[in-house]
Amino acid sequence: MENNNSLHFEHTPYHNIFIKDRKSIELTGVKKIESFDSYEFLIETSLGYLNIVGSDLTLVRLDQEQNEVSIKGNIDGMNYVSDKKKTHQKDKMFNKLLK
């Protein structure tokens with residue numbers, strides 16, 4: 001999931017999440033997209049880092065003026081993380097166990 005290109009947004013005081021049928025998700029209060037691929041998005045929001053996991057994930061809409069992002073695909077889960085580096089380490093260990 002390493003992606004050196006990150007997208008930065010202006011700061012916004014609010015953050016909302018709208019999920020539709022586990023097939024699309026709309027986010028407000030996005031500060032930047034840290035990294036993404038078809039299996040995972042790591043997004044910095046006004047309330048912390050949000051990790052979205054699934055399959056066939058695609059960035060559909062990016063509105064830097066409104067600090068909004070839309071993603072479509074099969075959404076399996078999401079969670080807020082206090083330290084984005086710890087998330088990647090846990091994922092790597094978990095993936096090794098599944099192999």
Side-chain angles (χ1 to χ4, degrees):
M1 186 177 111
E2 293 301 315
N3 185 347
N4 293 333
N5 298 329
S6 62
L7 303 171
H8 297 272
F9 295 76
E10 293 297 319
H11 297 284
T12 183
Y14 62 91
H15 170 57
N16 294 302
I17 299 173
F18 303 97
I19 300 174
K20 297 177 186 172
D21 300 325
R22 291 183 59 187
K23 298 291 182 191
S24 67
I25 185 168
E26 296 176 11
L27 305 166
T28 63
V30 173
K31 289 185 177 183
K32 72 178 176 178
I33 299 175
E34 188 71 32
S35 61
F36 66 95
D37 61 20
S38 63
Y39 299 103
E40 184 175 15
F41 275 71
L42 181 60
I43 299 172
E44 184 180 2
T45 73
S46 58
L47 296 179
Y49 282 94
L50 177 64
N51 190 40
I52 301 169
V53 293
S55 59
D56 300 322
L57 299 177
T58 306
L59 182 64
V60 176
R61 187 173 67 85
L62 173 66
D63 187 336
Q64 290 179 308
E65 286 184 22
Q66 297 295 316
N67 304 335
E68 297 176 350
V69 168
S70 295
I71 300 167
K72 73 174 185 176
N74 300 310
I75 300 166
D76 294 331
M78 61 181 194
N79 65 317
Y80 289 93
V81 292
S82 58
D83 184 358
K84 64 182 178 180
K85 292 179 184 173
K86 287 182 183 177
T87 301
H88 294 300
Q89 290 172 349
K90 280 194 250 179
D91 288 344
K92 288 179 184 176
M93 286 191 295
F94 185 70
N95 287 337
K96 286 180 183 178
L97 292 173
L98 294 177
K99 287 184 180 183

Shortest non-hydrogen separation from [X] to [Y] and the atoms involved:
X: Y14; Y: Q66; result: OH-O, 3.8 Å
X: I71; Y: F41; result: CD1-CD2, 3.6 Å
X: L27; Y: L50; result: CD2-CD2, 3.8 Å
X: E26; Y: S70; result: CG-OG, 3.5 Å
X: L57; Y: N74; result: CD2-O, 3.9 Å
X: I33; Y: F36; result: CG2-CD2, 3.6 Å

Can you list the steps and then say if D76 with R22 is a side chain to side chain contact (heavy atoms under 4.5 Å, CB included)? CA-CA 7 Å; D76 294 331; R22 291 183 59 187; 3.6 Å; yes

Under a single-linkage definition using a 4.5 Å side-chain heavy-atom cutoff for Ile, Leu, Val, Met, Phe, Trp and Tyr, are I43 and I17 assigned to the same hydrophobic cluster?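 Both belong to a single hydrophobic cluster.
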
Is there a path from I52 to L62 through hydrophobic residues (I, L, V, M, F, W, Y) whose side chains come within less than 4.5 Å of each other?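 Hydrophobic grouping puts I52 with L62.
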
Quick one: pull up NZ in K23 and CD1 in I25 and give me the separation to the nearest 0.5 Å.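 Going from the NZ atom of K23 to the CD1 atom of I25 covers 13.5 Å.
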
Salt-bridge criterion met for K72 and D56 (N-O under 4.0 Å): no

According to salt bridge (charged side-chain N to carboxylate O under 4.0 Å, His left out), who are the partners of R61, at least two apart in sequence or on a separate chain?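 If we apply the salt bridge (charged side-chain N to carboxylate O under 4.0 Å, His left out) test to R61, skipping adjacent residues, the hits are D63, E68.
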
Spell out, as yes or no, whether a donor-acceptor pair under 3.5 Å connects the side chain of [X] to the backbone of [Y].
X: S35; Y: L42; value: no
X: T45; Y: G29; value: no
X: D37; Y: Y39; value: yes

Y80 vs H15 aromatic rings, parallel, tilted or perpendicular, using cut-offs 30° and 60°? perpendicular

